[in-house]
S.K.: 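Please find one structure pasted underneath; my questions will follow.
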Amino acid sequence: MGLLTPRGVLVGGLLLRAGMLLYGLWQDATMTVKYTDIDYSVFTDAARFVWAGGSPYERSTYRYTPVLAWLLTPNVWLHPTFGKWLFVACDCIVGALLARIASARGASAESAAAYSALWLLNPQVATISTRGSAESVVCAAVMATLYAFQRRRIALGSALFGLAVHLKLYPVIYAVPLLCVLDGGAFGAKAAQTAWSRLAGLVNIRRATFAAVSAGTFCALNAAMFAIYGREFLDETYLYHVTRKDHRHNYSMWFLPIYLAFSSPASAAMGLLTFLPQAVTVAALGLAFGRDLYFAAFAQTFAFVAYNKVCTAQYFMWYMCLLPVVLPHSSLRLVPKGLVLIAVWVGSQALYLRQAYRLEFLGENTFELLWAAGAAIFVANNWILHQIVSSQQIVPLYEASDKKNR
């Protein structure tokens with residue numbers, strides 16, 4: 001047995017996060033600049049309102065499902081760090097699933113451990129979770145969904161998909177590749193011979209199950225939340241993100257046009273129009289690579305984040321959790337091309353952060369430079385995605401799993 005094992009990597013990832021969480025408690029208590037993310041305070045305040053019998057939306061800027069506030073009520077009655085430990089646990093669930101997925105797709109135990117280490121031993125991922133970001137909860141739901149479909153657990157995967165979309169809207173983009181993998185070929189059905197039979201073949205029991213169970217789960221959760229919190233739930237959890245006009249600077253190149261037109265009647269239309277190139281690109285990627293569910297999901301998520309009108313470092317976790325199951329089937333090597341891609345990805349962000357520092361801490365007017373840096377990030381991410389796509393071997397989901405089981 002090799003020195004690297006999935007269990008060893010999991011323990012290492014847990015110890016890394018425990019150490020960072022404890023360090024964060026010290027920094028919060030002794031330094032002016034706090035370790036804990038402001039979002040964690042928002043979650044905790046919302047949980048406090050829920051625990052008192054009120055609405056989580058009594059806390060301004062809470063734009064999430066009430067389920068998250070309910071999950072974090074132990075922050076109020078048990079210990080303020082409960083939520084962080086929950087996010088750490090979800091991180092570890094993602095890491096364990098990555099090892100299982102890689103193994104089911106043909107990787108050795110040592111290789112599966114190495115790929116899961118890209119998530120579990122990644123300091124950026126560990127930092128985001130231990131600072132109090134809830135993204136790992138969504139990532140765990142997404143990876144559990146995809147793994148269930150890989151295991152041909154269609155009903156379970158569909159229910160998990162409905163839950164994932166309820167927690168965060170963006171996983172709805174995976175409906176395209178999920179429908180692609182649920183065709184008849186992967187389940188032994190004969191290929192259609194005529195145009196009519198091919199058209200009729202678009203509907204089968206697996207796709208019908210997916211649609212019914214996922215939509216039923218999503219609607220049931222939403223109906224329950226609406227019954228408790230009314231229209232406020234829909235406005236704050238979903239509609240806000242559709243019409244959102246985020247005028248604060250972020251990695252997206254859209255922030256400056258929205259900022260300049262913030263009080264204009266055209267601002268709302270501009271916010272909606274930003275969805276068009278994003279939707280077209282994400283849907284096209286899902287259709288193009290749909291048979292390889294994991295790569296389609298990775299490419300879609302990478303593009304979704306790059307084209308989104310709001311982009312922060314937390315969003316990178318959405319595609320970083322998929323990268324370890326994509327890399328085994330890529331011809332990219334760390335040296336030299338992989339290092340070049342990493343340098344471009346990190347360098348474009350560093351360029352942006354330099355201008356953001358001048359704006360926030362030095363009070364300099366760097367808005368135009370910030371927009372230019374955001375445009376550079378957009379171009380860099382499109383180039384990186386092109387390089388990844390051109391180097392990827394497309395492996396149909398069930399073909400990869402079946403080879404492992406032979």
S.K.: Can you check whether L118 reaches L98 side chain to side chain, under 4.5 Å on heavy atoms?
M.R.: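 The answer is no, as the side chains (C-beta and beyond) never meet within the 4.5 Å cut-off.
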S.K.: Considering all heavy atoms of both residues, which atom of G132 and which atom of F43 are nearest to each other, and what is their separation?
M.R.: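 Closest heavy-atom pair between G132 and F43: O-CE1, 3.4 Å.
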S.K.: What residues form a ring-ring contact (aromatic ring centres under 6.0 Å, His included) with F295, not counting sequence neighbours?
M.R.: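 F295 satisfies ring-ring contact (aromatic ring centres under 6.0 Å, His included) with F289 only.
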S.K.: Among residues at least two apart in sequence or on other chains, which ones pass side-chain contact (heavy atoms from CB on, under 4.5 Å) with I173?
M.R.: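 Scan of I173 (side-chain contact (heavy atoms from CB on, under 4.5 Å), adjacent residues dropped) gives V282, Q300, T301, F304.
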S.K.: Quick one: CG on L397 to CZ on R152, what's the gap to the nearest 0.5 Å?
M.R.: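 CZ of R152 is found 8.0 Å from CG of L397.
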S.K.: Does the side chain of Y251 pick up a donor-acceptor pair with the side chain of S348 at under 3.5 Å?
M.R.: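 Short answer, no.
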S.K.: Assess whether atom CD of E368 is packed by more than 12 heavy atoms of other residues, nucleotides or ligands within 6.0 Å.
M.R.: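 Open: at most 12 neighbouring heavy atoms sit under 6.0 Å from CD of E368.
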S.K.: Can you give me the closest heavy-atom contact between T237 and T65, atom names plus distance?
M.R.: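 In this case the closest contact between T237 and T65 is CG2-N, 3.8 Å.
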S.K.: Before giving the answer on side-chain contact (heavy atoms from CB on, under 4.5 Å), spell out for Q278 and K309 the whole-Å C-alpha distance, their side-chain angles and the decisive distance to 0.1 Å.
M.R.: CA-CA 9 Å; Q278 181 186 45; K309 62 183 176 181; over 6 Å; no
S.K.: Would the F82 and W85 ring centres measure less than 6.0 Å apart?
M.R.: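 Centroid separation for F82 and W85: 6.0 Å or greater.
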S.K.: The criterion is ring-ring contact (aromatic ring centres under 6.0 Å, His included); which residues satisfy it with Y40, sequence neighbours excluded?
M.R.: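 Checked Y40 against ring-ring contact (aromatic ring centres under 6.0 Å, His included); zero matches.
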S.K.: Can you name the closest pair of heavy atoms from Q27 and K34 and give their distance?
M.R.: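 Q27 and K34 have their closest heavy atoms at NE2-C, 3.6 Å.
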S.K.: Please give me the minimum heavy-atom distance between C180 and G286, naming the atom from each residue.
M.R.: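 Of all heavy-atom pairs spanning C180 and G286, the closest is SG-O, 4.2 Å.
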S.K.: Could you tabulate the donor-acceptor pairs under 3.5 Å formed by side-chain atoms of residues 370-378, not counting sequence neighbours?
M.R.:
residue, atom, partner, partner atom, Å
W371, NE1, M253, O, 3.2

S.K.: Are W119 and M317 packed together at the side-chain level, in the sense that at least one heavy-atom pair is separated by less than 4.5 angstrom?
M.R.: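 Counting from C-beta outward, W119 and M317 do come under 4.5 Å.
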S.K.: Is there a donor-acceptor contact under 3.5 Å from the side chain of T5 to the main chain of G8?
M.R.: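 Present.
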S.K.: Using the rule given for side-chain contact (heavy atoms from CB on, under 4.5 Å), can you reason through K84 versus T36, listing the C-alpha separation, both sets of side-chain angles and the distance that settles it, and then say yes or no?
M.R.: CA-CA 10 Å; K84 293 185 178 182; T36 299; 2.6 Å; yes
S.K.: Classify the angle between the aromatic ring planes of W318 and Y170 as parallel (below 30°), tilted (30 to 60°) or perpendicular (above 60°).
M.R.: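 Rings of W318 and Y170: parallel, under 30°.
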S.K.: I'd like to check Y294 versus H329 (side-chain heavy atoms, cut-off strictly below 4.5 Å). Are they in contact?
M.R.: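 No, side chains not in contact.
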S.K.: Answer whether the closest heavy-atom distance between the side chains of R63 and V42 falls below 4.5 Å.
M.R.: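 They are not in contact (no side-chain heavy atoms under 4.5 Å apart), so the answer is no.
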S.K.: Please check if the side chain of S391 supplies one atom and the backbone of I388 the other of a donor-acceptor pair under 3.5 Å.
M.R.: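 No, S391 side chain to I388 backbone: no donor-acceptor pair under 3.5 Å.
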S.K.: For Y62, give me all partners under ring-ring contact (aromatic ring centres under 6.0 Å, His included), at least two apart in sequence or on another chain.
M.R.: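 So Y62 forms a ring-ring contact (aromatic ring centres under 6.0 Å, His included) with Y57, Y64.
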S.K.: For the pair S252 (side chain) and N308 (backbone), establish whether a donor and an acceptor sit closer than 3.5 Å, ignoring hydrogens and angles.
M.R.: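 The answer is yes, because a donor-acceptor pair under 3.5 Å joins these two groups.
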S.K.: Considering non-hydrogen atoms only, spot the tightest contact between P56 and A69 and give its length.
M.R.: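 The pair with the smallest heavy-atom distance is CB-CB, 3.9 Å.
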S.K.: Is there side-chain contact between M31 and W26, with heavy atoms separated by less than 4.5 Å?
M.R.: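 Answer yes - side chains close enough.
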S.K.: So F316 and I128, side-chain contact (heavy atoms from CB on, under 4.5 Å) or not? Walk me through it.
M.R.: CA-CA 10 Å; F316 300 157; I128 289 173; 5.9 Å; no
S.K.: Please walk me through it: do Y174 and F149 pass ring-ring contact (aromatic ring centres under 6.0 Å, His included)?
M.R.: CA-CA 12 Å; Y174 305 142; F149 277 98; over 10 Å; no
S.K.: Is the CZ atom of R100 crowded by more than 12 outside heavy atoms at less than 6.0 Å?
M.R.: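 Atom CZ in R100 is not packed in, count stays at 12 or less.
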S.K.: Between R59 and R48, is there a side-chain heavy-atom distance shorter than 4.5 Å?
M.R.: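 Not in contact.
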S.K.: A side-chain contact here means heavy atoms from C-beta on lying under 4.5 Å apart; do Q392 and V326 qualify?
M.R.: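 A side-chain contact exists here, since the closest heavy-atom pair is under 4.5 Å.
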S.K.: Using every non-hydrogen atom in the two residues, find where A155 and V213 come nearest and quote the distance to one decimal.
M.R.: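 Looking at all heavy atoms of both residues, the shortest contact is O-CG1, 3.5 Å.
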S.K.: Any side-chain heavy atom of D39 sitting closer than 4.5 Å to one from S133?
M.R.: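 No, side chains not in contact.
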S.K.: Can you list the residues that meet the side-chain hydrogen bond (donor to acceptor under 3.5 Å, both in side chains) rule with W345, with sequence neighbours excluded?
M.R.: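 Partners of W345 under the side-chain hydrogen bond (donor to acceptor under 3.5 Å, both in side chains) test: Y319.
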S.K.: After noting the C-alpha distance and the side-chain angles of F275 and Y307, does the key distance pass the ring-ring contact (aromatic ring centres under 6.0 Å, His included) rule?
M.R.: CA-CA 8 Å; F275 283 114; Y307 281 73; over 10 Å; no
S.K.: Go through F87 and L72 one step at a time and tell me if the side-chain contact (heavy atoms from CB on, under 4.5 Å) criterion holds.
M.R.: CA-CA 10 Å; F87 302 155; L72 298 186; 4.0 Å; yes
